Amino acid sequence: MQPDLRRDLHAVGLDAGWEPVPGGAPGLQQKMLSNWLDEDAKVGCRTRLIRFPPGQTVPARFVHDYWEEVYILDGRLTIGVGEDGSAMETFGPASYACRPPGTPHGPFRSEAGCVFLEVQYYSGDAA
């Protein structure tokens with residue numbers, strides 16, 4: 001049974017409540033807003049903030065079996081950092097991505113740090 005995830009509009013402080021991203025690069029942090037994503041049963045959704053501290057790199061390219069939408073709130077994120085350190089493309093606030101299941105993404109780097117909203121979910125009609 002799906003839990004009751006209703007939350008009235010409320011302030012979300014950015015000074016506390018951050019924790020390491022499980023399986024993420026050291027230093028990468030998350031602030032969970034709602035979480036009912038069951039990767040074993042392949043149902044549910046998760047909404048969280050992700051924070052890259054300045055100089056943070058996530059060197060791996062990865063794929064998952066759920067939808068993911070990302071919206072950059074603050075800072076800049078570089079996607080596709082080459083092995084030689086070359087940057088592929090950098091995005092700032094108000095940048096958005098929608099990744100269907102099976103979409104490869106990464107590596108990532110943020111020179112000055114960034115915060116983005118991330119929504120991950122399973123959909124019965126996913127391609």
Side-chain angles (χ1 to χ4, degrees):
M1 172 180 254
Q2 180 175 344
D4 182 1
L5 299 176
R6 290 178 292 179
R7 302 287 184 272
D8 285 330
L9 192 59
H10 64 282
V12 176
L14 297 180
D15 293 332
W18 294 93
E19 59 188 22
V21 173
L28 194 61
Q29 298 177 318
Q30 68 180 8
K31 182 176 180 91
M32 201 63 66
L33 301 176
S34 70
N35 188 13
W36 185 64
L37 188 74
D38 184 335
E39 293 184 52
D40 293 328
K42 304 201 181 314
V43 297
C45 62
R46 168 173 49 216
T47 303
R48 62 188 179 173
L49 297 174
I50 299 291
R51 180 165 66 183
F52 276 61
Q56 177 71 52
T57 297
V58 176
R61 190 163 168 84
F62 50 96
V63 175
H64 38 73
D65 63 353
Y66 44 79
W67 288 83
E68 179 176 76
E69 297 184 56
V70 173
Y71 185 82
I72 298 177
L73 300 167
D74 186 47
R76 300 182 66 72
L77 184 66
T78 300
I79 299 175
V81 180
E83 289 182 16
D84 64 353
S86 62
M88 299 301 284
E89 197 163 2
T90 300
F91 299 90
S95 297
Y96 169 79
C98 179
R99 300 178 183 122
T103 303
H105 50 291
F108 302 103
R109 179 163 178 80
S110 183
E111 288 298 325
C114 75
V115 175
F116 56 83
L117 177 70
E118 181 178 77
V119 180
Q120 300 169 322
Y121 54 94
Y122 287 98
S123 173
D125 61 349

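Keep in mind that the numbers below use all heavy atoms, side chains included, and drop hydrogens, waters and symmetry copies. Positions are given from 1, in the same order as the sequence printed here. Nothing here was measured: the structure is a model prediction, and the numbers come from that model.
Residues Phe108 and Gln56 form no side-chain contact, since every pair of their non-hydrogen atoms from C-beta on lies 4.5 Å or further apart. No side-chain heavy atom of Arg76 sits under 4.5 Å from any side-chain heavy atom of Glu111. With a 4.5 Å cut-off on side-chain heavy atoms, Val115 and Ile50 do not count as touching. Contact annotation: the side chain of Val43 approaches that of Trp36 to within less than 4.5 Å [non-hydrogen atoms, C-beta and beyond]. In this structure the side chain of Glu68 never reaches within 4.5 angstrom of the side chain of Val119, judged on heavy atoms.
Counting only N and O atoms by type, the side chains of Tyr122 and Asp65 include a donor and acceptor under 3.5 Å apart. A donor-acceptor contact under 3.5 angstrom links the side chains of Thr57 and Arg109, judged on distance only. Using a 3.5 Å distance cut-off with no hydrogens or angles, the side chains of Glu19 and Gln29 do not pair a donor with an acceptor.
Atom CZ of Arg48 is separated from atom CH2 of Trp18 by 10.5 Å, given to the nearest 0.5 angstrom. Taking CG from Leu33 and CG from Leu117, the interatomic distance works out to 6.5 Å, rounded to the nearest 0.5 Å. Taking CD1 of Ile79 as the reference point, atom CZ of Arg61 lies at 10.0 Å (rounded to 0.5 Å). Atom OG1 of residue Thr103 and atom CZ of residue Phe62 lie 11.5 Å apart, to the nearest 0.5 angstrom. Note that SG of Cys114 and CD1 of Ile72 are 6.0 Å apart. Values are rounded to the nearest 0.5 Å. Distance check: Leu14 CG to Leu49 CG gives 6.5 Å after rounding to the nearest 0.5 Å.
The minimum heavy-atom distance between Pro93 and Gly75, with the atom names listed, is CD-O, 3.2 Å. The two residues Pro54 and Ala112 come nearest to each other via the heavy atoms CG-O, 3.5 Å. Annotation for Leu37 and Gln120: closest pair CD1-O, 3.9 Å, computed over non-hydrogen atoms. Closest non-hydrogen pair, Ser95 versus Gly92, comes out as OG-O, 2.7 Å.
Remark: the backbone N or O of Val12 is not paired with any side-chain donor or acceptor of Lys31 at under 3.5 angstrom.
Under the 30°/60° scheme for interplanar angles, the aromatic rings of His64 and Tyr66 are found to lie parallel.
A salt bridge links Glu39 to Arg46: at least one charged side-chain nitrogen sits closer than 4.0 Å to a carboxylate oxygen.
Val63 is linked by a side chain to side chain contact (heavy atoms under 4.5 Å, CB included) to Pro104, counting only residues two or more places apart in sequence or in another chain. Legend: residues meeting ring pair (Phe, Tyr, Trp, His ring centres under 6.0 Å) with Phe91, ordered by chain and number and at least two apart, are absent. Evaluation of the ring pair (Phe, Tyr, Trp, His ring centres under 6.0 Å) rule for Tyr71 yields no partner, not counting sequence neighbours.
Val70 and Met32 end up in different hydrophobic clusters when Ile, Leu, Val, Met, Phe, Trp and Tyr side chains are linked at under 4.5 Å.
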